[in-house]
Amino acid sequence: MNTDQQILVPIPALFSFQECLWFLNRNYDDCLHVISDNTIYKALEIDGEIVLTSIRESGPFLEIAVLKGNVSPASKNYLVAYVTEWFDMQRSIQPFYDLLALDGRLAYMVHDFKGLRLIGIDNLFEAICWCIIGQQINLSFAYKVKRRLVERFGGKIEHDGQHYFVFPTAEVLAQATMDELKAMQFSEKKAEYIIGIAKAFASGALSKSAIEALPDFTSRKRALTDHKGIGAWTANYALMKSLKEPEGIPHGDIGLLNALSHHNIIQDRSETLKIEALFNAFKGWESYLVFYLWRSLAVKDLS
DNA sequence: CCCCAGGCGGCAG
DNA sequence: CTGCCGCATGGG
């Protein structure tokens, strides 16, 4: 391998690449990355060209390699920024652990999930589409539908006989037809929502930079929920995963409610006051708490 | 046939 | 603003 195609990113304190791998590989068939031998393979579009990258741990660094495609020095900076943001490597999460340690029901997470970072979805359009796909259906089916969409409309790069995909652009999905999406088992409504959101992004009516420029959480959330198909849950999830908003709590999320129930924090789904009290104790770290609670769902015997 | 799944929009009150 | 209802679609 050409060494000038390799980039090293220092690993911060309280960061576990194994936890990143675990999250990206947790029993679901995600079409936007491949994991093999402790290495992540991911296609990325840089300056209009799709390149294939690999990410692995190498001593005190994450090592990013470009396996196919050429990257300029500027693109290397982009790759570092991308990975740093994807795995939320910039943040010091010790304050979050201090809060966890104060709660007897959650303190074990500091040890069991040590170094887990909030894995992001940089592309806001992708994050919103993923939410719409996942609304009110089980996750394994959602991943199937996403794969059909990505393999039909997304860009791809081939390497060693395997295809690696990037999420479709809004411009492409804005041209998709209802029938095409319904054939992939999108419901009528979801097909409508996806095309509508794609048109909004393609026209510039909706963009990550415009949302980021808004002054506060409430207005950012409102700018999202103004669009058909984006409700409170989707807006919060998108803000949490794409804009890394600490306040982005996907209220009502079935996984979140199940996790709260497993930890005996609530007895049933209507106990909003108890949920509010919990999150009040985690000001500034709400989205991290959600992410760690989701992480806990994979632990079998909590009872 | 039933209920559920990482909801949403619409419409009464 | 809140609460409820219909809606789609596959899976157990």
Side-chain angles (χ1 to χ4, degrees), chain A residues 22-32 113 116 118-121 124 126-149 152 176-200 206 218 221-245 247-263 265-266 268-273 275-276 278-279 286-300 302:
Chain A
W22 174 86
F23 175 82
L24 294 173
N25 208 19
R26 71 206 146 113
N27 296 328
Y28 295 113
D29 178 34
D30 195 321
C31 55
L32 294 179
F113 308 149
L116 172 66
L118 203 168
I119 308 292
I121 301 175
L124 178 62
E126 174 191 334
I128 293 171
C129 288
W130 173 231
C131 284
I132 291 172
I133 292 171
Q135 284 166 6
Q136 192 61 16
I137 60 173
N138 67 71
L139 269 181
S140 25
F141 178 52
Y143 276 102
K144 278 189 206 169
V145 173
K146 173 177 157 185
R147 177 176 286 281
R148 291 185 192 125
L149 185 77
R152 166 69 180 80
T177 67
M178 292 287 292
D179 286 343
E180 284 175 305
L181 296 189
K182 283 164 74 177
M184 299 174 179
Q185 288 170 293
F186 280 80
S187 67
E188 180 94 18
K189 289 292 184 189
K190 288 188 179 182
E192 238 175 71
Y193 296 158
I194 293 280
I195 293 170
I197 297 294
K199 285 180 175 167
L206 192 49
T218 309
K221 184 172 169 183
R222 168 59 66 86
L224 291 174
T225 55
D226 278 345
H227 295 265
K228 296 286 183 197
I230 304 181
W233 176 84
T234 296
N236 279 314
Y237 181 97
L239 290 170
M240 163 185 175
K241 294 277 281 187
S242 192
L243 280 76
K244 300 288 181 70
E245 294 266 8
E247 297 174 71
I249 308 169
H251 286 292
D253 177 85
I254 193 65
L256 173 59
L257 292 170
N258 286 339
L260 291 171
S261 169
H262 292 158
H263 288 81
I265 291 167
I266 58 171
D268 70 72
R269 297 177 184 183
S270 62
E271 293 177 306
T272 52
L273 288 178
I275 300 173
E276 197 181 330
L278 176 69
F279 281 110
E286 294 94 327
S287 62
Y288 254 85
L289 178 56
V290 171
F291 200 68
Y292 271 57
L293 285 165
W294 281 340
R295 171 68 178 86
S296 76
L297 291 170
V299 182
K300 299 304 175 200
L302 274 171

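What's counted below: heavy atoms across the whole structure, side chains too, no hydrogens, waters or symmetry copies. We name chains A, B, ... by the order of the sequence lines, and we start the count at 1 in each one.
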- Task: May I have the step-by-step check of salt bridge (charged side-chain N to carboxylate O under 4.0 Å, His left out) for A:R147 and A:D29, ending in yes or no?
- Result: CA-CA 8 Å; A:R147 177 176 286 281; A:D29 178 34; 2.8 Å; yes

- Could you walk me through whether A:E192 and A:K228 pass the salt bridge (charged side-chain N to carboxylate O under 4.0 Å, His left out) check? CA-CA 9 Å; A:E192 238 175 71; A:K228 296 286 183 197; over 6 Å; no

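The interatomic distance linking A:K228 (NZ) with B:dG7 (P) rounds to 20 Å, in whole Å. Rounded to an integer number of Å, the gap from CZ of A:R269 to P of C:dG3 is 16 Å.
The aromatic rings of A:F279 and A:H251 stand perpendicular to each other, their planes meeting at an angle above 60°, with 30° marking the opposite boundary. Below 30°, between 30° and 60°, or above 60°: for A:F291 and A:W294 the angle between ring planes is above 60°, a perpendicular geometry.
At a threshold of 4.0 angstrom between heavy atoms, the contacts of A:I230 are confined to the sugar-phosphate backbone, with no base atom among them. A:A232 comes within 4.0 angstrom of the backbone, heavy atoms only, and of no base. Across all strands shown, A:H251 has no heavy atoms under 4.0 Å from either base or sugar-phosphate atoms. Among the atoms of the strands shown, only primed sugar atoms or phosphate atoms (P, OP1, OP2) are found under 4.0 Å from some heavy atom of A:T234. Among the atoms of the strands shown, none is found under 4.0 Å from any heavy atom of A:R148.
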- Query: Which letters describe nucleotides 7-12 of chain C, given B = protein heavy atom under 4.0 Å from base, S = only from sugar-phosphate, - = neither?
  - Reply: -BBSS-

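Geometrically, A:R295 does not engage A:Y292 in a cation-pi contact, judged by NZ or CZ lying under 6.0 Å from the ring centre and within 45° of the ring axis.
Contact between the side-chain N/O atoms of A:K190 and the OP1/OP2 oxygens of B:dG7 is not found at any separation under 4.0 Å.
Each of A:P250 and A:T225 has a nearest nucleotide on DNA chain B; the 5'-most of these lies closest to A:P250.
Using modelled atom types, one finds a donor on one side chain and an acceptor on the other under 3.5 Å when comparing A:T234 with A:Q135.
Side chain of A:Y193, nearest nucleotide from B:dG7, B:dG10, B:dC8: B:dC8.
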